[in-house]
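The next block holds one structure in the form of structure tokens; read it before the comments.
Numbering of residues begins at 1 and proceeds along the displayed sequence.
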Amino acid sequence: MIHRGEIIKKAVYKSGFSITELAKRLGKSRRWVYLMFENPSVSLDVVLELEKIIHYNFSIEIKEIRPSMLGLIEPASSGQNEKHSDEYWKNKYLRLLEEYNDLLKSNNSN
């Protein structure tokens, strides 16, 4: 079985996000973030929220995330400036494009 916490930990460190900033955006404590790294079964809701914060596609490592789930959690509109909104949509487009290319590759190999 995959260890979601380990996958998340690697992605967070790779992203360059500080634990303090990540905890702040999640509305949690730093301790909670470190405990999440140790949890082998982090909820998919948390994983999807992390995807949006650190701009990382977990669906490759965590097979339970289906492409249809990626649009379920939208960013909160209150307090966001237009630049952040543009960044969100750009990243969403790139993530969908990567998934589309992966599907094309898998269909061509069959």
Side-chain angles (χ1 to χ4, degrees):
M1 179 170 172
I2 61 170
H3 191 295
R4 292 181 189 167
E6 288 289 325
I7 293 169
I8 292 168
K9 181 180 180 179
K10 289 177 188 174
V12 167
Y13 286 129
K14 186 177 176 181
S15 74
F17 252 87
S18 73
I19 301 302
T20 303
E21 180 63 23
L22 182 62
K24 180 179 173 185
R25 290 197 185 194
L26 287 169
K28 306 287 184 184
S29 68
R30 291 177 70 236
R31 179 73 183 137
W32 184 92
V33 173
Y34 286 114
L35 288 173
M36 177 186 58
F37 292 160
E38 297 172 13
N39 183 354
S41 58
V42 176
S43 79
L44 292 179
D45 291 338
V46 172
V47 174
L48 292 171
E49 191 173 353
L50 285 166
E51 262 193 0
K52 303 219 179 302
I53 294 171
I54 67 171
H55 308 294
Y56 186 85
N57 183 359
F58 287 106
S59 66
I60 296 166
E61 292 103 337
I62 303 174
K63 300 301 180 196
E64 293 87 359
I65 298 177
R66 294 179 303 279
S68 61
M69 295 177 74
L70 294 175
L72 292 180
I73 300 175
E74 296 296 328
S77 60
S78 61
Q80 290 184 339
N81 60 25
E82 191 172 315
K83 180 181 177 192
H84 181 52
S85 179
D86 290 344
E87 185 73 16
Y88 165 78
W89 289 110
K90 179 186 100 177
N91 289 323
K92 184 170 184 166
Y93 170 77
L94 292 173
R95 190 170 42 238
L96 289 172
L97 187 59
E98 288 171 359
E99 290 173 18
Y100 177 74
N101 286 333
D102 290 342
L103 284 172
L104 286 176
K105 288 177 187 174
S106 68
N107 284 340
N108 285 337
S109 64
N110 292 334

Nearest 0.5 Å please: distance from the [atom1] atom of [X] over to the [atom2] atom of [Y].
X	Y	atom1	atom2	answer
Ile62	Leu48	CD1	CG	9.0 Å
Ile7	Arg4	CD1	CZ	8.5 Å
Asp102	Leu97	CG	CG	9.5 Å

Path from [X] to [Y] over hydrophobic side-chain contacts below 4.5 Å:
X	Y	result
Leu26	Leu35	no
Tyr34	Met36	yes
Ile60	Ile54	no

On a heavy-atom basis, which atom in [X] and which in [Y] lie closest, and how many Å separate them?
X	Y	result
Asn57	Glu98	ND2-OE1, 4.3 Å
Glu38	His3	O-NE2, 3.4 Å
Phe58	Ile8	CE2-CA, 3.9 Å
Glu51	Ser59	OE2-N, 3.8 Å
Val42	Asn39	CG2-O, 3.4 Å

- Taking atom types as modelled, is there a side-chain donor on Asp45 or Ser43 under 3.5 Å from an acceptor on the other?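 Not at all, the side chains of Asp45 and Ser43 share no donor-acceptor pair under 3.5 Å.
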Please table the atom pairs, donor to acceptor, closer than 3.5 Å between any side-chain atom in residues 10-23 and protein atoms at least two apart or in another chain.
residue : atom : partner : partner atom : Å
Ser15   : OG   : Val12   : O            : 2.6
Ser15   : OG   : Phe17   : N            : 3.2
Ser18   : OG   : Glu21   : N            : 3.0
Thr20   : OG1  : Arg30   : NE           : 3.2
Glu21   : OE2  : Arg25   : NE           : 2.8

- Query: Other than Leu104, what residues sit in its cluster of Ile, Leu, Val, Met, Phe, Trp and Tyr side chains whose heavy atoms are under 4.5 Å apart, directly or through others?
  - Reply: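 For the cluster that includes Leu104, the remaining residues are Tyr100.
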- Task: Please determine which of Glu64, Glu61, Lys63 meets the side chain to side chain contact (heavy atoms under 4.5 Å, CB included) test together with Ile2.
- Result: Glu64
- Set of residues satisfying side-chain hydrogen bond (donor to acceptor under 3.5 Å, both in side chains) with respect to Glu6, sequence neighbours excluded: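 Listed in chain order: nothing, the list is empty.
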